[in-house]
Amino acid sequence: MNTVQESDQVVQRRANLEELKKLGVEPYPRRFEIDAPVDAIVAQHGSKSGEELEAAQPRTRTAGRILSIRSFGKANFLVISDGRARVQVYIRQDSLPERDFKIYKLLDFGDWIGVEGRLFRTKTNELTIWASKLEFLAKCLLPLPEKWHGLQDVEIRYRQRYLDLIVNPDARTVFEVRSRVIAAMREFLSERGFLEVETPMMQPIAGGALARPFVTHHNALDMRLFMRIAPELYLKRLTVGGIERVFEINRNFRNEGISTQHNPEFTMLEFYRAYADYNDLMTLTEEMLPFVAQKAIGGTEVTFNGQPISFTPPFRRLSLREGARAAASRRLGVDVPAESLRSREKAAELASKLHVPIESGMGAGKITAEVFEALCEEELVQPTFVYDFPTEVSPLSKQKPDDPDTVERFELYAGGFELANAFSELNDPVEQRRRFEEQLASRAGGDEEAHAMDEDYVRALEFGMPPAGGEGVGIDRLVMLLTGSPSIRDVILFPLMRPK
RNA sequence: GGGCCGCUAGCUCAAUUGGCAGAGCAGCAGACUCUUAAUCUGCGGGUUCUCGGUUCGAUUCCGAGGCGGCUCACCA
């Protein structure tokens, strides 16, 4: 596609453009005044009968891209679109100036035009603009995909999203839902006193999550920088600074695999609320997601991969250790005692029986998490709070008062994948330093995703961070669920692709 | 990274056992002043992803590579 072949169709379109110039038509004019975009015309007049239109004779002036041309010689029908809605245009030789009809004759499927005329209904009851003026707005020099089958090739849909948007109306719908999801989250949080902020995307230490970062370099400072894997540590510094309710909606970057659920850059909502713990956040989440779903798609029931999913609260709650224990019991046909997941030896033995692969550096907590993911994750189709995680896999979460091996953390699962992650934030600087040091030991042991030490963050905690609950919500995945999109690439306009 | 599948006209897809590469839509010429996947008549359009091999002959068989999809692994 890098070298555009001058196919006969392109030659023809270029010739039509030259003919327009000969008519004195500016091929790329500056502006065109419209009364209303196409979708507004349809919204305003779409339900009116032919008689009503005949009586009112509403005139309009609008513009759009030509999506089809049906020609009868002296009477012709175009369909134009503003990307959201479509309306028919009636081009009748005796109804518009000679120059405008000459322009019509040189139009191609895909060109942009402006039209002025009165609205009426045809004999087949189609809402139509009876054109009295026609302006040429821009040329489409390349042939577009066909109208009936649309564009099926997913590779072209992702690489040339504009084509997808032109010919597949559903593509536009997905991104409108996405936009409403984000707007609804802002509304929900703003109403509750949360302040929206922006924190660094380029960070000297990539913290706040367990993942491999992208590395970059600042020339003037001769400084290695990481694209952020999470905003977490900066947002918590802001709670130290006294911003009791804070949130950010922005991109994170993780240098890891690509799949139907993973894109190297993805969008997260992350928010922190002082004086709240993870139980409060479960309640808040049960309010927020139905609110967002209602605003974005007008309801809380969706279908994903053929399965109905309900965002009507309350959501199911499942302890991670109990979930892992129960699933292991079912799988093995024996009653696995809870203690089996508490010591490294017993947990490793259990994992082995279950054929869950583990590595030498993993402790009982990490192994428990592995068992849970292997046995339970796919079955979590309805929204489910999986709560109380092993401390070992949660370096930034606060322990439960009666159990130092367990932290107050939950992940919300839906559709078989993780949708949100939240915890009571660890705000004890001494314990935080100890956790970082544990992570450094894992890192020394070869775990590239282990957390690095962040001295400034520990110092911030030493100034005193209020008790707080924090949560991250994967926007892309939420949009997947709400739009029934099986791949994350369907909800990201320009997903990362290998260059051709 | 592994496995499986795909790549043919602008788009959507065919092509028998290895035997002149086809259709629909789109395009071009013509007819048509209410059509809507408009219709009718005629016409043009190909690096069959790339490179190499086997063969008289390759879209087809073999090998290598490219890009993509699904999936497993990893992760959110």
Side-chain angles (χ1 to χ4, degrees), chain A residues 1 3-13 15-16 50 67-79 86-95 101 108-110 120-128 130 140-160 163 166-168 208-213 229-230 252-268 270 357 359 369-370 373-374 377 393 411-413 417-421 447-449 472-478 480 486-490 495 497-500:
Chain A
M1 217 40 166
T3 55
V4 176
Q5 303 266 327
E6 286 277 309
S7 72
D8 57 341
Q9 299 201 40
V10 177
V11 170
Q12 183 59 41
R13 282 163 182 261
N16 285 345
L67 291 187
S68 80
I69 301 175
R70 289 183 291 275
S71 171
F72 296 83
K74 297 189 179 72
N76 310 274
F77 297 91
L78 305 179
V79 174
R86 301 173 175 198
V87 72
Q88 182 166 259
V89 178
Y90 185 40
I91 306 278
R92 203 177 139 127
Q93 185 167 18
D94 59 13
S95 293
F101 195 74
D108 286 299
F109 174 40
F120 75 113
R121 282 194 183 272
T122 62
K123 286 174 185 169
T124 49
N125 210 36
E126 178 88 14
L127 181 68
T128 302
W130 191 317
C140 176
L141 287 171
L142 302 179
L144 287 170
E146 172 222 337
K147 58 190 172 185
W148 184 243
H149 294 94
L151 182 63
Q152 304 293 328
D153 186 326
V154 290
E155 183 172 352
I156 300 177
R157 288 183 51 210
Y158 298 150
R159 287 185 191 273
Q160 296 175 261
L163 291 179
I166 291 167
V167 300
N168 295 335
L210 307 179
R212 288 157 67 182
I229 56 175
N252 290 341
F253 307 86
R254 298 190 185 174
N255 203 342
E256 289 172 355
I258 296 175
S259 79
T260 49
Q261 285 155 36
H262 303 82
N263 193 65
E265 53 179 315
F266 63 102
T267 302
M268 284 259 290
E270 210 165 283
E359 285 163 28
E370 294 285 328
E373 281 174 26
E377 198 169 287
V393 296
E411 288 184 349
L412 176 65
Y413 278 80
F417 52 70
E418 184 189 335
L419 192 58
N421 180 23
D447 183 355
E448 287 183 64
E449 287 167 4
V473 180
I475 302 292
D476 313 274
R477 289 182 174 184
L478 179 58
M480 286 169 67
S487 170
I488 198 168
R489 296 184 202 90
D490 296 325
M497 302 285 277
R498 203 186 291 265
K500 262 208 130 146

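Every chain is numbered from 1, with letters handed out A, B, ... down the list of sequences. For clarity, every value in this text was computed on a predicted model and none was experimentally measured.
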Could you tell me how far B:rG42 sits from B:rG66 if I compare only their C1' atoms? Round to whole Å. 41 Å
Compare every heavy atom of A:G110 with every heavy atom of A:L144, then report the nearest pair and how far apart it is. CD1-CA, 3.5 Å
pair A:N76-A:R92: side-chain heavy atoms closer than 4.5 Å: no
Nucleotide opposite B:rC61 in a Watson-Crick or G-U pair, distances under 3.5 Å: B:rG53
Of all the heavy-atom pairs spanning A:I229 and A:A211, show the shortest one and how long it is. CD1-O, 3.9 Å
Please state whether the base of B:rG27 and the side chain of A:D8 form at least one donor-acceptor pair under 3.5 Å? no
For the pair made of CG in A:L142 and C1' in B:rG27, what is the distance, rounded to whole Å? 14 Å
Heavy-atom side-chain contact between A:E359 and A:E370 under 4.5 Å: no
Checking base pairs now: Watson-Crick or wobble, both atom distances under 3.5 Å. What partners B:rG68? B:rC5
Base, sugar-phosphate or nothing for A:L419? Non-hydrogen atoms, less than 4.0 Å. nothing
Would you name the heavy atoms of A:L151 and A:N168 that are closest together and state the gap between them? O-ND2, 3.1 Å
Can you tell me how far C1' in B:rG46 sits from the matching atom in B:rG10, rounded to whole Å? 12 Å
Assign A:Y90 to base, sugar-phosphate, or nothing according to its heavy-atom contacts below 4.0 angstrom with the strands shown. base
Rounded distance in Å between the P positions of B:rU41 and B:rA26: 15 Å
Nearest whole Å is fine: how far is B:rG27 P from A:L144 CG? 11 Å
Compare all side-chain heavy atoms of A:L163 with those of A:P145 and state whether any distance is below 4.5 angstrom. yes
How far, in whole Å, is B:rA9 from B:rU35 if one measures between their C1' atoms? 28 Å
Using atom names, set out every protein N or O paired with an N or O of nucleotides 3-8 of chain B below 3.5 Å, distance rounded to 0.1 Å.
none

Looking only at side-chain N and O atoms, does A:D476 offer a donor or acceptor that is under 3.5 Å from a partner on A:N263? no
Applying a 4.0 Å non-hydrogen cut-off, can you work out what A:N168 is touching in the nucleic acid: base, sugar-phosphate, or nothing? nothing
Length of the line joining A:D153:CG and B:rA9:P, which is rounded to integer Å: 11 Å
Any side-chain N or O of A:R489 under 4.0 Å from OP1/OP2 of B:rG69? yes
Between B:rG68 and B:rU60, how far apart are the two P atoms, rounded to whole Å? 23 Å
For the pair A:F72 and A:F77, name the ring-plane relationship: parallel under 30°, tilted 30 to 60°, perpendicular over 60°. perpendicular
Which atoms form the tightest heavy-atom contact between A:R13 and A:D108, and what is the distance? CG-OD2, 3.4 Å
Correct closest heavy-atom pair for A:V167 and A:R86 would be O-NH2, 4.2 Å
Between B:rU35 (P) and A:Q88 (CD): distance, integer Å: 10 Å
Using a cut-off of 4.0 Å on non-hydrogen atoms, how would the nucleic acid contact of A:G150 be classed: base, sugar-phosphate, or nothing? sugar-phosphate
With a 4.0 Å cutoff (strictly under), does any side-chain N or O of A:R92 reach OP1 or OP2 of B:rU33? no
A:I91 has an atom CD1; how far is it from atom C1' of B:rC32, in whole Å? 17 Å
So what does A:R13 touch, heavy atoms closer than 4.0 Å: a base, only the sugar-phosphate, or nothing? nothing
Roughly how many Å apart are B:rU48 and B:rA14, using the C1' atom of each and rounding to a whole number? 13 Å
Would you say A:L127 and A:F120 make side-chain contact, with heavy atoms under 4.5 Å? no
State whether A:R498 places a side-chain N or O below 4.0 Å from either non-bridging phosphate oxygen (OP1 or OP2) of B:rG66. no
What residues, two or more places apart in sequence or in another chain, satisfy side-chain contact (heavy atoms from CB on, under 4.5 Å) together with A:Q152? A:H149
Counting only Watson-Crick or G-U wobble pairs whose two distances fall under 3.5 Å, which nucleotide matches B:rG24? B:rC11
Do the side chain of A:Q9 and the base of B:rA26 come within less than 3.5 angstrom through a donor-acceptor pair of N or O atoms? yes
Between B:rC34, B:rU33, B:rG69, which nucleotide gets closest to the side-chain atoms of A:M497? B:rG69
In whole angstrom, what separates A:N263's CG from B:rC74's C1'? 16 Å
Which nucleotide in the list B:rC28, B:rC34, B:rA76 gets nearest to the side chain of A:R254? B:rA76
On a heavy-atom basis, the closest approach of A:Q261 and A:R477 is O-NH2, 3.0 Å
Applying a 4.0 Å non-hydrogen cut-off, can you work out what A:F266 is touching in the nucleic acid: base, sugar-phosphate, or nothing? base
Would you tabulate the nitrogen or oxygen pairs shorter than 3.5 Å linking the protein to nucleotides 37-39 of chain B?
unit_1: B:rA37; atom_1: O3'; unit_2: A:K147; atom_2: NZ; d: 3.4
unit_1: B:rA37; atom_1: N1; unit_2: A:W148; atom_2: NE1; d: 3.4
unit_1: B:rA38; atom_1: OP1; unit_2: A:K147; atom_2: NZ; d: 2.1
unit_1: B:rA38; atom_1: OP2; unit_2: A:R70; atom_2: NH1; d: 3.0
unit_1: B:rA38; atom_1: N6; unit_2: A:S71; atom_2: O; d: 3.0

Side-chain atoms of A:R159 come closest, of B:rG68, B:rC34, B:rC70, to B:rG68
What is the nucleic acid contact for A:E126, judged by heavy atoms within less than 4.0 Å: base, sugar-phosphate only, or nothing? base
Would you indicate what A:Q261 reaches in the nucleic acid, counting non-hydrogen atoms under 4.0 angstrom: base, sugar-phosphate, or nothing? base
So what does A:M268 touch, heavy atoms closer than 4.0 Å: a base, only the sugar-phosphate, or nothing? nothing
Nearest-angstrom distance, C1' atom, B:rG22 to B:rC61: 22 Å
Quickly work out the A:Y158 OH to B:rG68 C1' distance and round it to whole Å. 10 Å
Toward the 5' end of RNA chain B, which comes first, A:L151 or A:K74, by nearest nucleotide? A:L151
Roughly how far apart, to the nearest Å, are B:rC7 and B:rA76 at atom C1'? 32 Å
May I ask you to say what A:F120 touches in the nucleic acid, namely base, sugar-phosphate or nothing, with a heavy-atom cut-off under 4.0 Å? base
d(CD, A:Q12; C1', B:rC43) in whole Å: 13 Å
